[in-house]
Amino acid sequence: MMSVHSHPKLCPSSPTSVTDLSQLLDACLENSLPRPALHVETLAEAASILRLNDLGSYTVPSRGLYPYQWNWDAALTAMGWAALDESRAFEELKALFSAQWEDGMVPHIVFHRACHTYFPGPEIWGTPEAPRGTTGITQPPVAVIAVRHIVENSMRKGRALEEARGLFGNLLRSHRWFYAARDPFNSGSVATLHPWESGMDNSAAWDKAMANVPVDDIPPYTRRDLGHVDASMRPQQAEYDRYLTLLYRFRELNYDPNQLYHVSPFRVTDLCTNSVLQRANYDLRWLAEELGFLESIPEIDNWLEKGHAAFEKLWDSSAGIFRSWDQITDQPLDAATSAGFLPLFARAATTEQAEKLVETLEKWMDNVNFGVPSLDPEEARFEPLRYWRGPVWVIVNYMIVDGLRHYGYDSLAERIETDTCDLVNTRGIHEYYDPITGAGAGGSHFSWTAAMCLAWLDKIPANSA
Ligand code: DGY
């Protein structure tokens, strides 16, 4: 994936311990190779966090707070595992796809084994799929992107391609599911039916759409997230009541995708999901070519073509950013969020749109000390510590930087890389960060942030960060 991203050759990074890391850095010095901007201690911490959260064949995002396997966390975490142990990376993906539904959906959480620190667990979801419990909704399809990244960065490309061959059918079926279940009228963009599917649960982009979701008479419940993280960093109770309302309504219909699309009171075109899917289609096409699955290419090309055209409707030229769309009211959603820059990652922005996006992003960056905030810092709803309503997320920075480099905006990309390295080097590896103070927040010892250190930040040379 980073083929567009031409960093100078750095020290090899397959660290397993602080000792290995010191040796690697010594080797860099001896061979006059640039040192990574990431501190040796941060790399070591990243490696130890993946091992800490490793439950055998899958990795939990953060112990206690998120004790199961999450869909997009797993795929991004696999990219980190690949730097330490490539087989373990593929094992992570296989564990995720072992829970793929018959119809192709990859669920948003796989409940591999019981745990009582999370709500809502398998007994609340009550999904029909056996043998493993899962939720009945999905998440942004990062898996193909991760597979391509692992193959391209592999020291044993042939072997990595063989692993990819074993997953190709699952990956293709998961994309087919998105179009069949979430774009029945062939619009080119897919619908998201629950804020948890977007992965950006309490984004201000969902406020208007969530205001139209009634709160049903749902069974009383106790949130477990508040036992792990301060309430000021989490979604509000009114949002949780609606998350649960949607869950129970979907459960009532046995998660039948043919019905959910039509009856869900929340149905949006999410910029993150659609950008990830569009980018993943490019990477799926690449994989199909590498593996010789040429018969699937016309189908993927069709998705790419109609997907590309569908982004035009989401462009807000006066604000210089893309906006998610409420499919129920057929109106753009009002908040400008960091997902608005992800069409760069999807290669879906025109060169003029990319130029405008960069102007907007530079303005956002000037208003904070660490970019990229998840909501426009000039927005009244901006809250620097509350989950997706302001904090910096390292995985989003990764996608934005990849997009900026593709469009040739290297200095802005470097600025974001510098901020991101500063955050993890000086504040440790957290779920997210306050864009004003830099404080680490949310869950601690967080897998996907650790994975981004191992798969991305370790490749940034010290002189650019
Ligand atoms: C949670 O429970 O907070 C998760 O984000 C749902 O995916």
Trainee: Assess the pair W364 and F370: is the distance between their ring centroids shorter than 6.0 Å?
Mentor: no
Trainee: Output yes when a side-chain donor or acceptor of T135 lies under 3.5 Å from a complementary backbone atom of P107, and no otherwise.
Mentor: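 Looks like no, no N/O pair under 3.5 Å.
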Trainee: So for atom CD, which belongs to E295, do other residues, nucleotides or ligands contribute more than 12 heavy atoms lying within a distance under 6.0 Å?
Mentor: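 Yes, the 6.0 Å shell around CD holds more than 12 heavy atoms from other groups.
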Trainee: When you check the gap from the basic side-chain N to the acidic O, do R88 and E92 get nearer than 4.0 Å?
Mentor: yes
Trainee: For the pair E290 and K157, find out whether any cationic side-chain nitrogen is under 4.0 Å from an anionic carboxylate oxygen.
Mentor: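 Answer for the salt bridge query: yes.
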Trainee: Whether the E86 and S154 side chains hold a donor-acceptor pair (N or O, under 3.5 Å, no angle test) is what I'd like checked.
Mentor: yes
Trainee: Step by step, would you call T134 with W101 a side chain to side chain donor-acceptor pair (under 3.5 Å)?
Mentor: CA-CA 9 Å; T134 72; W101 284 25; 3.0 Å; yes
Trainee: Charged N to carboxylate O below 4.0 Å: is that the case for R234 and D230?
Mentor: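 No salt bridge links R234 with D230.
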Trainee: Taking 4.0 angstrom as the limit, do D410 and R405 come out as a salt bridge?
Mentor: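 Here D410 pairs with R405 in a salt bridge, since their nearest N and O are under 4.0 Å apart.
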Trainee: Are there more than 12 heavy atoms of other residues, nucleotides or ligands under 6.0 Å from atom CD of E362?
Mentor: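 For E362, atom CD is crowded (more than 12 foreign heavy atoms under 6.0 Å).
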Trainee: Looking at D326 and D330, would you say the former's side chain and the latter's main chain have a donor-acceptor pair under 3.5 Å?
Mentor: no
Trainee: Taking atom types as modelled, find out whether Y66 and E431 have a side-chain donor-acceptor pair closer than 3.5 angstrom.
Mentor: yes
Trainee: So which heavy atom on T117 is nearest to which on P67, and how close?
Mentor: OG1-CG, 3.4 Å
Trainee: For side chain to side chain donor-acceptor pair (under 3.5 Å), just list the numbers for S447 and N53, CA-CA rounded to whole Å, side-chain angles, deciding distance to a tenth of an Å, and then say yes or no.
Mentor: CA-CA 7 Å; S447 293; N53 292 339; 2.9 Å; yes
Trainee: If we ignore angles and hydrogens, is there a donor and acceptor under 3.5 Å between the side chains of Y221 and D241?
Mentor: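 D241 and Y221 do have a side-chain donor-acceptor pair below 3.5 Å.
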Trainee: Looking only at side chains, do N367 and E378 share a donor and an acceptor under 3.5 Å apart?
Mentor: yes
Trainee: Go through it in stages, so that I can follow the logic: the residues are T59 and D54, the test is side chain to side chain donor-acceptor pair (under 3.5 Å), and I'd like the CA-CA distance, side-chain angles, deciding distance and then a yes or no.
Mentor: CA-CA 4 Å; T59 313; D54 181 9; 4.7 Å; no
Trainee: Is the closest side-chain donor-acceptor distance between T269 and Q327 under 3.5 Å?
Mentor: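 Per modelled atom types, T269 and Q327 side chains form a pair under 3.5 Å.
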Trainee: Quick one: do E197 and R182 make a salt bridge, cutoff under 4.0 Å?
Mentor: yes
Trainee: Nearest 0.5 Å please: distance from the CZ atom of R224 over to the OG1 atom of T222.
Mentor: 6.5 Å
Trainee: For H262, is the NE2 atom crowded, meaning more than 12 foreign heavy atoms sit under 6.0 Å from it?
Mentor: yes
Trainee: Is it the case that the ring center of W388 lies less than 6.0 angstrom away from the ring center of W393?
Mentor: yes
Trainee: I'd like to know if E162 and R159 make a salt bridge, using a cut-off of under 4.0 Å between side-chain N and carboxylate O.
Mentor: no
Trainee: Side chains of S87 and W81: any donor to acceptor distance under 3.5 Å?
Mentor: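 Absent: no donor and acceptor within the cut-off.
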Trainee: In this structure, is the centre-to-centre distance between the rings of W448 and W72 below 6.0 Å?
Mentor: yes
Trainee: Could you verify whether a donor N or O on one side chain and an acceptor N or O on the other, from T77 and D73, lie under 3.5 Å apart?
Mentor: no
Trainee: State whether D334 and R323 are salt-bridged, where the test is any N-O pair (Lys NZ or Arg NE/NH1/NH2 against Asp/Glu carboxylate O) under 4.0 Å.
Mentor: no
Trainee: Tell me yes or no: between the side chains of D216 and T245, is some donor less than 3.5 Å from an acceptor?
Mentor: no
Trainee: Which distance, rounded to the nearest 0.5 Å, do you find between the CD of Q139 and the CH2 of W196?
Mentor: 11.0 Å
Trainee: Cation-pi check for F345 against R279: NZ or CZ below 6.0 Å from the six-membered ring centre and within 45 degrees of the axis, yes or no?
Mentor: yes
Trainee: Have Q278 and R347 got a donor and an acceptor in their side chains that come within less than 3.5 Å?
Mentor: no
Trainee: Between N274 and S189, is any side-chain donor less than 3.5 angstrom from a side-chain acceptor?
Mentor: no
Trainee: Do E239 and R389 sit within salt-bridge range, that is, some charged N less than 4.0 Å from a carboxylate O?
Mentor: yes
Trainee: I'd like to know if K356 and D316 make a salt bridge, using a cut-off of under 4.0 Å between side-chain N and carboxylate O.
Mentor: no
Trainee: Is it the case that R223 places NZ or CZ above or below the six-membered ring of F119, under 6.0 angstrom from the centre and within 45 degrees of the axis?
Mentor: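 No - R223 does not lie over the ring of F119 by the 6.0 Å and 45° rule.
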Trainee: Looking at H175, I'd like to know if its NE2 atom is crowded, meaning that more than 12 non-hydrogen atoms belonging to other residues, nucleotides or ligands lie closer than 6.0 Å.
Mentor: yes
Trainee: Got more than 12 heavy atoms from elsewhere within 6.0 Å of CD, Q237?
Mentor: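 Enclosed: over 12 neighbouring heavy atoms sit under 6.0 Å from CD of Q237.
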Trainee: Is the CD atom of Q259 crowded by more than 12 outside heavy atoms at less than 6.0 Å?
Mentor: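 It does: Q259 CD has more than 12 such atoms within range.
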Trainee: Is the H112 to Y58 ring centre distance short of 6.0 Å?
Mentor: yes
Trainee: May I ask you to check whether F250 and Y255 place their ring centres under 6.0 Å from each other?
Mentor: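 No, ring centres 6.0 Å or more apart.
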